[in-house]
Amino acid sequence: MIVLKNIKKTYNTGTCPTTALQGIDLTIKDGEYIAIVGTSGSGKSTLLNIIGGMDRSTEGEYYFNDVAVHSLKRHDLHLFRKNNISFIFQQFALMNHYSVFENVEIPLLAKGISKKERKKIIMEQLTALGIADIAKEMPIHISGGQQQRCAIARALASDNPIILADEPTGALDKKTGLDIMGIMKEINKKGKTVVVITHDLNIANMADRIVRIEDGKVTEEA
Ligand SMILES: Nc1ncnc2c1ncn2[C@@H]1O[C@H](COP(=O)(O)OP(=O)(O)OP(=O)(O)O)[C@@H](O)[C@H]1O
Ligand SMILES: [Mg+2]
């Protein structure tokens with residue numbers, strides 16, 4: 001279970017500080033499927049990055065089961081991320097000089113899994129996502145939908161319990177986007193906790209719960 005208490009985030013990067021999150025309280029149960037919606041700049045990606053351990057809050061508490069994520073040291077935060085979180089991005093974030101197969105292999109290499117076992121896991125994932133036939137292709141030679149399937153295969157290969165997706169259909173046409181969201185729903189049914197940021201209400205309605213963020217605060221949960 002994920003428990004966020006009064007999470008605040010201020011960026012000090014520009015000339016003046018920007019407060020992106022102003023005190024978020026949110027609980028996400030294991031196996032839940034949550035959609036995060038809200039206007040541009042409302043703090044959705046900031047929140048997802050904090051949940052994913054890619055960034056830290058400036059204030060507040062973040063618990064994952066018994067772990068106080070907000071107080072983890074850098075190395076332990078890295079381990080928390082590696083063992084629990086998989087990210088899916090709008091622009092797929094594949095390594096363009098690696099084949100589809102090799103992209104899915106990356107998290108498995110990081111986990112020190114043997115070559116034989118890696119091959120088995122990768123081909124299972126590619127087959128489940130309907131892209132086994134393009135395992136040797138490079139990302140630039142395949143469609144956006146296929147690239148996102150590859151990114152999902154990569155996310156699933158590590159078998160982490162939490163899948164975070166920041167507008168995973170934002171770069172896809174409507175039909176392909178719905179296909180991808182169907183896959184996300186299947187993933188959730190198989191037991192993963194899924195958190196998806198989206199601008200599309202049809203997609204948000206596929207989730208168990210919709211969390212609306214405005215101005216860095218939760219304004220509505222349905
Ligand atoms: N790295 C950063 N440095 C400084 N300010 C940032 C940074 N990232 C985000 N912000 C600011 O924090 C606020 C929230 O941004 P965030 O990216 O979380 O919004 P969002 O809801 O994901 O928007 P979008 O729908 O456009 O993706 C914005 O005002 C943004 O400009
Ligand atoms: Mg965003």
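Note that ligands are numbered from 1 as they come in the structure, with each ligand's atoms numbered from 1 the same way.
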Distance-minimising heavy-atom pair for Lys9 and Thr46: CG-CG2, 3.6 Å
For Lys44, the ligand 1 atoms whose distance to one of its heavy atoms is below 4.0 Å: 18 (O), 19 (O), 20 (P), 21 (O), 22 (O), 23 (O), 24 (P), 25 (O)
Gly41, any N or O under 3.5 Å of ligand 1 N or O: yes
Atom 1 (N) of ligand 1 - nearest protein heavy atom and its distance: Tyr11 CE2, 3.7 Å
contact_flag His199 ligand 1 heavy-atom lt 4.0 Å: yes
Any protein heavy atom < 4.0 Å from atom 31 (O) of ligand 1: no
Part of Thr13 with heavy atoms under 4.0 Å of ligand 1, whether side chain, backbone, both or neither: side chain
Atoms of ligand 1 close to Glu167 [distance to a heavy atom under 4.0 angstrom, numbered from 1]: 25 (O), 27 (O)
Minimum side-chain heavy-atom gap Val100-Arg149 below 4.5 Å: no
Side-chain touch Tyr62/Ile2, heavy atoms, less than 4.5 angstrom: yes
From Lys82, Arg154, Lys192, Lys190, residue fulfilling salt bridge (charged side-chain N to carboxylate O under 4.0 Å, His left out) relative to Asp159: Lys192
Protein residue, atom and distance nearest to atom 17 (O) of ligand 1, heavy-atom basis: Ser45 CB, 3.8 Å
Electrostatic pair Glu124:Lys120 at N-O distance under 4.0 angstrom: yes
Under 3.5 Å: N/O of Thr46 near N/O of ligand 1: yes
Validation row: Leu21, Ser57 side chains within 4.5 angstrom (heavy atoms): no
Note, Asn160 side chain near Lys111 side chain (heavy atom, < 4.5 Å): yes
Nearest protein heavy atom under 4.0 Å from atom 14 (C) of ligand 1, yes or no: yes
Backbone or side-chain N/O/S of Thr46 under 2.8 Å of the Mg ion (ligand 2): no
Beyond-backbone contact of Glu167 with Thr198, side-chain heavy atoms, under 4.5 angstrom: no
Under-4.0 Å heavy-atom contact with ligand 1, by part of Thr39 that carries it: backbone
Validation row: Ile28, Ile51 side chains within 4.5 angstrom (heavy atoms): yes
Side-chain heavy-atom pair Ile187, Tyr33 within 4.5 angstrom cut-off: no
Residue and atom name of the nearest protein heavy atom (relative to atom 26 (O) of ligand 1), distance in Å to one decimal: Ser40 OG, 2.5 Å
Nearest-contact summary for atom 12 (O) of ligand 1 - protein heavy atom, Å: Ala20 CB, 3.4 Å
Shortest protein heavy-atom distance from atom 29 (O) of ligand 1, along with the residue and atom involved: Thr18 CG2, 3.7 Å
